[in-house]
Undergrad: 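Structure provided below as structure tokens; questions to follow.
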Amino acid sequence: RARHRFGPGQPQIPMSPIFLNDLGVGQSARVHALHLPTEFAARMRALGLWPGQTVQLLRCAPLNGPLHLRVDGTEIILRRQQAQQIEVLT
């Protein structure tokens, strides 16, 4: 019989992917997958946004405006429609 130990406190809940635009302000997540056109995905990787990296949502512009993100010390402004194509794990 296998036992899983999660350490002190609450047991860990398995992470499920959500899209970057679903994060709340101040929330951080790990990038899971980029579902972007090849050229734009290459640009995002050049800015440090690739699977495994931690991203934090700093601000959201009103009226479906862009998202202000921090990735490994780099701040990025990203359109919501592009953020809807980036899966993250919370």
Undergrad: Count I, L, V, M, F, W, Y as connected when their side-chain heavy atoms are under 4.5 Å apart, and connections chain through other members. Are I18 and L69 then in the same cluster?
TA: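 Yes; tracing contacts between hydrophobic side chains, which count when under 4.5 Å, links both residues.
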Undergrad: Can you check whether L89 reaches V31 side chain to side chain, under 4.5 Å on heavy atoms?
TA: no
Undergrad: What's the separation between atom NE2 in H32 and atom CG in L20, rounded to the nearest 0.5 Å?
TA: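 CG of L20 is found 13.5 Å from NE2 of H32.
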Undergrad: Please set out all donor-acceptor pairs under 3.5 angstrom arising from side-chain atoms of residues 34-54, sequence neighbours excluded.
TA:
from	atom 1	to	atom 2	distance (Å)
H35	NE2	E87	OE2	2.4

Undergrad: Mind checking salt bridge (Lys or Arg N to Asp or Glu O under 4.0 Å) for R70 and listing every partner two or more places apart, or none if nothing turns up?
TA: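 Result, salt bridge (Lys or Arg N to Asp or Glu O under 4.0 Å) vs R70: E75.
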Undergrad: Once rounded to the nearest 0.5 Å, what's the spacing between atom CG of L78 and atom CD of Q84?
TA: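 The CD atom of Q84 is 10.5 Å from CG of L78, to the nearest 0.5 Å.
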Undergrad: Output a table of donor-acceptor pairs, distance under 3.5 Å, between side-chain atoms of residues 55-67 and any protein atom two or more places apart or on a different chain; print 'none' if there are none.
TA:
from	atom 1	to	atom 2	distance (Å)
R59	NE	H68	ND1	3.2
R59	NH2	H68	ND1	3.1

Undergrad: Could you tell me if the side chain of V88 sits less than 4.5 Å from the side chain of D22, heavy atoms only?
TA: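 Heavy-atom side-chain distance check fails, nothing below 4.5 Å.
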